[in-house]
Amino acid sequence: MIAEQKKIDQLRTAFTSARMVLSENQALQFALYWQAVLAWNSKAKLVSKSDENRLLERHFIESAILSKNEVFHPHANVIDVGTGGGFPGLPLKIVRPDLRMTLLDSKRWKTLFLRDLISQLKLSDLRVENERAEVLKKQSEHIACYDVVVCRAVMQLNALYPLVKEFLAPTGVLLSLKGSTLSREIIELKKEAPGLSVEVTELQETGSMVSDKLKIVLVRAGS
Amino acid sequence: MKPVERILQHFSTAAQTRELLSKIHEERVVSVKGTFGTLRSVLLACLFESQSQQVTYFCLKKEEAEEVKEDLEQLLGSDKVTYFPESLFSDQGFGHVNHNVLKERLSTLESLSVGKRSIVVSDASALLADLPDPGYYSVKKIVVTVGESLDFESLVVDLVELGFVREQRVEHHGEMCVRGGLIDIFPYSSEYPYRIEFWDDEVESIRLFEPDSQRSLEQVESIAIFPQEEDLSSNVDGSSSSAAGASLLKYLPDNALLVLDEPDLIFKSLRERLGESDGNEDANEDLQSNVLVVQKALQGFQQLIFVALGGRASGTIDFGAKAPVSFGGKLKNLRLALEKLAVTGLNGQVAPPHVYYSCDNESQVERLENIFSDEEIVFPCLNITALNFHKGFVFPAGNVIVYTDHEFYGRARRLRLPQKRFKGLTPRELKHLNVGDYVVHVDFGVGIFRGLKKISVHSHERECLQIEYRDRDTVYVRIERMDRVNKYSSKNGASPNLSKLGSLEWRKAKDRTKKKIKDIARDLIRIYAKRKSEPGFAFSEDTLWQRELEVSFPFEDTPDQMTATVEVKKDMENAKPMDRLICGDVGFGKTEVAVRAAFKAVLSGKQVAVLVPTTILAYQHFNTFRERLANFPVQVEMLSRFRTKAEQREIVGKLKTGEVDIVIGTHRLLSKDIEFKDLGLLIVDEEHRFGVTHKEKLKRFRVTVDVLTLTATPIPRTLQFSLLGARDMTHITTPPRNRLPIITEILPFNSQYIREVIMRELDRGGQTFFVHNRVRSINRVAKMVSELVPEADIAVAHGQLSEKELETVMVEFVNKQYQILISTLIIESGLDMPNVNTIIMNRADKLGLAQLYQLRGRVGRSHRRAYAYFIIPPIERLTEDSLKRLRAIEEFSEIGSGSQLAMRDLEIRGAGNLLGAEQTGFIDTLGFDLYNKILEEAVLELKEEQLPEKEQKVMIETQVEMDFDAFLPESYLSSGPDRVDIYRRLTDTHQFFDVDEIEAELRDRFGRVPQATENLLYFVKVRLQGVQIGLAQISIDHDEMVALFAQEVLDAQAEHFKEWLGSMVANAAHTFEFFQDKQLGLRLPIPSDETGKVKFVSDFLTSLIPEGSAKREKIKGEVF
């Protein structure tokens, strides 16, 4: 596939206004990603139909912006659980090529799409797993070895944390993007797992591109 | 209202349509433009419905005519459309009769000559057709009506004169058969043959019958039978044929409306056609003027002319229809188009247009409706309907759009050819015994069948099989023992050694073989048990992607292919590991089934290995898989010599990490370094071509992963039962549509002719095989061919080339670098070479039947017409034996018994492939039928050994002695093979019902059953009853019946016999008696006249058995 110059320009502008700078290669990678999602969405159901027109804001920027969070220290080992069309793991990986990234999804066609896409983007230290989280977390190579688990799924925190905690290294942290119902969820989670430390931050320096309702939630073992 | 009616209605509302309908009454010639695709057919249909005239449509090409005809059949119903296709005689001159074409042509001529109103569809060639005078059909026709008096003999003579060919049995169009008071005939214009039954000189009944079973279907009152030929010379009495010829126009009534589609092109093609067919200058002028004659004849009719856009004078009515935009198979594009239409309408119309989406069949409709609702595509007037229109259109004036499925997906549209099943011999017919056939008797061994012989038993006549053994010893086998005799068939029809009566030789051979067969059976049972207990992987159900892949197949699934796909998917979804064999000719669509299975596996997260025997085959499969899966993010790779070491290393690495989903390869796949991340499906093509070591390695996979095996060698269906459960089998026997029969000719060597046939192939860009099976002289032949056809590039392939050299030659040939391949018999059978459509076999007299059949099958694998030529030396130099074989080859031109026998040969080979090579030896010893019977029994026995003893069945056999005639008299049924067949089926019956069926069939096919035959039927019934009751012997003598119970049933094991005995004694106590040695039996006085006695016995036995008590036990004679 050949990247369209118009998309590259749009990407540049949008990222700049979100206070991020894309290298030429990164812009190219995003453009290819963008085109691939549009080409495959009807087949692989990567994002909702209405999001097709808002890919840049809703998905690329919102995912990439997370890279500024300090939990992503250099060469951190990251797993994106329920990555779907690669969000937020793949944009993260594009803006932070140093991260070691695993994209996990149980839907076969989504992972086939991602694998195909990645082979075009020429990224290393990036793998795609087609498995259910419940199964993968029991495999020795995935137990307690991730510095960050990212997840954009709509799952409630008190269900999400138990599902992924085996992935986390002792100092590991679960990073989730959340909307409005947040405080109630945190209460539920703390009730069920009292030893946890939960930290909520606003999305930093987003400019006007991203919904201001979104918050980053970090969950880690004891403090 | 049905969708077609609605489409017609939309059409008729357009202003242009109204203008056309009024003009057509006023003007002699009306011209029309701007009709596109199926709109043209809609216009014709509308015209036909609103007029009372005969409508006849001519277009340029046969293909167009076929499309219009199909459209019209859907618009008007098939009874209102007749089709007059181009005769194949004219342009091919091979004397090959295409029965489908003849059927269409004759039906049309018949329909026209009786003045039936229909719309006739034809192409330019019909305007030149050289047909008998229209009067001919009406004068010659014969009408037969029930109740009418007719002279039987002269009717037979008349029918022969009409062109019916007398046969032993009517199965194809144009055949007739006479037996006793019955005449069977199969006119070309009829779907089914007729049976006319006479009672003396009166027509008693006329009924349709099914040609396969020969059984009657329904009664008709009257039939009109027309001449079965359109060959003038043989029919028009005396007058010379050239002047008598009439074109189709002469068959039309004067007021008929002619529709000419692009008349300028039609006339141009007629001129070319006539110019081509004769190089002579003078004659040419003559013929040119023939075109003028045609034009003049056309002017005698009212005409409607379709012209291309922009053509002709100002009076032309412009319908303004357009082609629909292309969607390139993308739903998104369709959605956008519909969204736009919903808003803007069609060309300024306020209401959104009526959109019809035509699919091939109901299942497509359902699939599409699902996709539309999944994708939330909604449109106010959208109709998805099962119509097979050939080309969609946009018609703004009628505010209507028709899209078609095949255009949407960019697939080739397929023609619906009349699906005439050229069924070969049925298995039953294959078992037909002919005098001189080798047979094998279970007890005595291999002998020669010498026919049926009447012999007297107690001065009463019965028929027996006469079998001759070595040194001319003879055994007579009574018909109730006939199940011990099987036809002997083996590979290549090799002649077996005759057995010697009274020697131990046969018994030893038989015992040895049976032991071996039991071993095989044990193996099968073991595999079966293992498979049943082994947990496998259950693949997930079909996803949207799976459906998308399947509909993107550019051809229509054949019914068998559909079944195969369903069965394979069901196996995969089941947790038990699959082990299925798909058996079907090359080009019948096995690979597509494999692609779908592989894709399903990949979508379930598994890897797939496709193992093939040769590098080229791997390459072909690789391309097919890649192509079919191009639209999906699936990684397909190939491992074979065509990949460098470095590439191989990379692929092997990716297999281990799971980056490669499907790998296609040769035995390289079985090397030690190959590791899969998660292998779920193994597909093996042509397994028998792998060596023993490779097969051993394959077994490793077999238990854990799903295995799909493909083979092009036919496997006998009869084996299916024996294998049941051990390995499942699916047969793909339906050829893809549009496949034409191969035109086959046998001819002596003629270099000029060979050049011609090769040039014809070259001219259409095709390639030719030239088979010469002698390495020694192959280069000489190559030189000869290259001198004959210097235009062509020629390659030579034979077994003395190294494997690599051979491979290179084949790949280059497949890639069309050569036009002719001169080769020995090594042309690989699995390769798909659709571009090769002419095969010439030198010295065909030296090749076996099966070889010829297989070689011929290498061509004719596309929609193109294929040709096969068997080159033989001059007839007088041929041996008796070759002549005999050639006679069989001649039958090749029809799909007849010749090919069936060749198939049989191949099947035996296939059985060997499946069960192991050493089995072929046993098959040779026993003959295939007996072999299979024993295998089947061994499997059954072994399965039963696992049953508790109590449920094991007691098997007894009843001997019946009688003192009356019981046979099929020759005067009643003259054909020997038919008699043997009926006898055999009678011995094979298991219940009364079967006997009654056979009796009904006899009455239907041959007329009233004579006394001796009725006796025979009762005799069989009495024997069945004997088995059921437990009698070892029944003897009917003069005025008494004596029967003895079998010792086995009197022994305690036979549980339900004890139950019955009480009621039997109660029913007929007076008949019970102890005979010598205290044997329990029955004695019954019976009437002594021959006509009623056996029925009397049978009725008595029926009364003995308590009603409704018996689960009918099968009669089963032990084989050994």
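Just so we're on the same page: letters track the sequence lines, and every chain starts at 1.
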Legend entry - Close side-chain approach of B:Glu659 and A:Val128, heavy atoms under 4.5 Å: no

Legend entry - ring-ring contact (aromatic ring centres under 6.0 Å, His included) partners for B:Phe632, two or more places apart: B:Trp545, B:Phe599

Inset, instruction - Decide if atom NZ of A:Lys45 counts as having more than 12 heavy atoms of other residues, nucleotides or ligands within a radius under 6.0 Å. - result: yes

Legend entry - Nearest-0.5 Å distance, CD of residue B:Gln635 to OG of residue A:Ser119: 6.0 Å

Legend entry - side-chain contact (heavy atoms from CB on, under 4.5 Å) against B:Thr644, all qualifying residues, sequence neighbours excluded: B:Ala646, B:Glu647

Legend entry - Toward chain B, the part of A:Lys49 with a non-hydrogen atom under 4.5 Å: side chain

Legend entry - Lys/Arg N to Asp/Glu carboxylate O, B:Glu548 vs A:Lys43, below 4.0 Å: yes

Inset, instruction - Sort A:Glu129 into side chain, backbone, both or neither according to what part of it lies under 4.5 angstrom from a heavy atom of chain B. - result: side chain

Legend entry - Electrostatic pair B:Lys677:A:Glu131 at N-O distance under 4.0 angstrom: no

Legend entry - Side chains of A:Asp116 and B:Val634 in contact at under 4.5 Å (non-hydrogen atoms): no

Inset, instruction - Side chain from CB out, backbone as N, CA, C, O: work out which of these in B:Thr543 comes under 4.5 Å of a heavy atom of chain A, or both, or neither. - result: side chain

Legend entry - Validation row: B:Thr657, A:Arg127 side chains within 4.5 angstrom (heavy atoms): no

Inset, instruction - Mark yes when over 12 heavy atoms from residues, nucleotides or ligands other than A:Glu134 sit less than 6.0 Å from its CD; otherwise mark no. - result: yes

Inset, instruction - Decide if atom CZ of A:Arg132 counts as having more than 12 heavy atoms of other residues, nucleotides or ligands within a radius under 6.0 Å. - result: no

Inset, instruction - Decide if atom OH of B:Tyr619 counts as having more than 12 heavy atoms of other residues, nucleotides or ligands within a radius under 6.0 Å. - result: no

Inset, instruction - Flag yes if more than 12 heavy atoms outside B:Glu339 fall under 6.0 Å of its CD atom; otherwise flag no. - result: yes

Inset, instruction - Check each atom of B:Leu603 against the heavy atoms of chain A and say whether the ones under 4.5 Å are side chain, backbone, both or neither. - result: both

Inset, instruction - Compare all side-chain heavy atoms of A:Trp109 with those of B:Pro633 and state whether any distance is below 4.5 angstrom. - result: no

